[in-house]
Trainee: 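Handing you this structure, nothing more for now.
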Amino acid sequence: MSPNKFRKLKREFYKRNLLEVTKNLLGKIFVVQGEHFKLSGKIVEVEAYHGEHDEASHAFRGKTKRNEVMFWEGGYLYVYFTYGAHYCANVVVGKKDEGQAVLIRAIEPMEGIDKMKINRFEGRSIKDMSLLNLTNGPGKVCKAFGLNKMHNGIDLTKNHIFILNQPNLKKNEIGISRRIGISKSVDLKWRFFIKDNPYISRK
DNA sequence: CCACGGATTGGCT
DNA sequence: GCCAATCCGTGGA
């Protein structure tokens with residue numbers, strides 16, 4: 001067994017510098033382990049949200065009931081509801097009270113694809129039910145992996161929802177851009193994605 | 001107390 | 001490319 005390759009990321013991984021953790025999360029394996037099923041996929045697109053100096057961050061105006069998990073120490077899942085319809089999942093980063101998180105924007109599906117398709121498409125009339133349309137957006141990721149407000153605050157170092165280690169990507173394998181869908185702090189280039197990966201939400 | 005708008009999505013002009 | 005759907009946390013009055 002290689003020592004780290006398939007091991008769960010530990011608390012220390014998440015408590016480091018925000019942008020380092022954000023880039024290091026690319027290529028890692030996100031896992032939801034149920035009693036009778038397992039869903040997993042490779043993280044291919046992420047965005048960083050800082051606690052200070054970042055007006056687009058939920059944490060910018062301080063702690064509230066909604067965003068309190070963002071102020072926990074790194075390694076917890078922050079799930080919030082938006083646009084009256086969608087959930088978005090974030091990995092909390094840094095030390096307690098820093099208010100930093102990484103939004104998981106897209107995943108390349110690996111295990112449990114049939115169940116993901118049921119989660120995401122069943123009971124809705126969606127024309128494009130292809131694999132490429134399964135998890136290529138933050139709301140889609142939550143739908144496919146069955147994430148909702150019940151999972152807000154889940155500890156990623158435990159056995160239900162966690163992230164498996166993989167080698168860090170090389171610099172030239174990572175694409176960088178402005179973040180998507182925000183109206184403040186729009187110039188920060190804090191979106192990172194795996195270049196040429198077909199499962200990202202957009203170019 | 002109430003109006004606003006959002007870290008989105010999907011379908012249509 | 002454009003826009004409506006749809007809920008509720010947040011913040012101003």
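Below, read A as the first sequence line, B as the second, and so on, with proteins coming before strands; counting in each chain starts at 1.
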Trainee: Taking 4.0 Å as the cut-off, does a side-chain nitrogen or oxygen of A:K140 come that near to OP1 or OP2 on B:dG10?
Mentor: yes
Trainee: Give me the residues of residues 113-139 of chain A where at least one heavy atom lies under 4.0 Å from an atom of DNA chain C, by number, or none.
Mentor: none
Trainee: Quick check: are there more than 12 heavy atoms from other residues, nucleotides or ligands sitting under 6.0 Å from NZ of A:K42?
Mentor: no
Trainee: Is the closest side-chain donor-acceptor distance between A:Q33 and A:N159 under 3.5 Å?
Mentor: no
Trainee: From OH of A:Y87 over to C1' of B:dG6, roughly how many Å is that when rounded to an integer?
Mentor: 15 Å
Trainee: In a check of salt bridge (charged side-chain N to carboxylate O under 4.0 Å, His left out) between A:D155 and each of A:K10, A:R11, A:K8, which one passes?
Mentor: A:R11
Trainee: Roughly, in whole Å, what's the span from CD in A:E47 to C1' in B:dT8?
Mentor: 12 Å
Trainee: Considering only heavy atoms, which members of residues 188-203 of chain A lie under 4.0 Å from some atom of DNA chain C?
Mentor: none
Trainee: Is a side-chain donor-acceptor pair under 3.5 Å present for A:H58 with A:Y78?
Mentor: yes
Trainee: Distance alone, cut at 3.5 Å: any donor-acceptor contact between the side chains of A:S185 and A:E55?
Mentor: no
Trainee: Looking just at side-chain N and O atoms, do A:K23 and A:N17 make a donor-acceptor pair shorter than 3.5 Å?
Mentor: no
Trainee: What I'd like to find out is whether the side chain of A:N67 reaches to under 4.5 Å of the side chain of A:K63, using heavy atoms alone.
Mentor: yes
Trainee: Under 3.5 Å for both donor-acceptor distances, Watson-Crick or wobble: does B:dA7 have a partner, and if so which one?
Mentor: none
Trainee: Rounded to whole angstrom units, what separation is found between the CD1 atom of A:I104 and the C1' atom of B:dT8?
Mentor: 16 Å
Trainee: Hey, is NZ on A:K149 packed in by over 12 heavy atoms from elsewhere, all under 6.0 Å?
Mentor: no
Trainee: Would you say that A:E47 contacts A:R178 through its side chain, given a criterion of any heavy-atom pair below 4.5 Å between the two side chains?
Mentor: no
Trainee: Does the side chain of A:K28 pick up a donor-acceptor pair with the side chain of A:N24 at under 3.5 Å?
Mentor: no
Trainee: A cation-pi test, strictly: NZ or CZ of A:R179 under 6.0 Å from the centre of the six-membered ring of A:Y49 and no more than 45 degrees from its axis. Yes or no?
Mentor: yes
Trainee: If the P atom of B:dC4 is compared with that of C:dA4, how far apart are they to the nearest Å?
Mentor: 16 Å
Trainee: What string of B, S and - do you get for nucleotides 1-13 of chain C, 5' to 3', if B is base contact, S is sugar-phosphate-only contact and - is no contact with any protein heavy atom under 4.0 Å?
Mentor: -----BB-SSS--
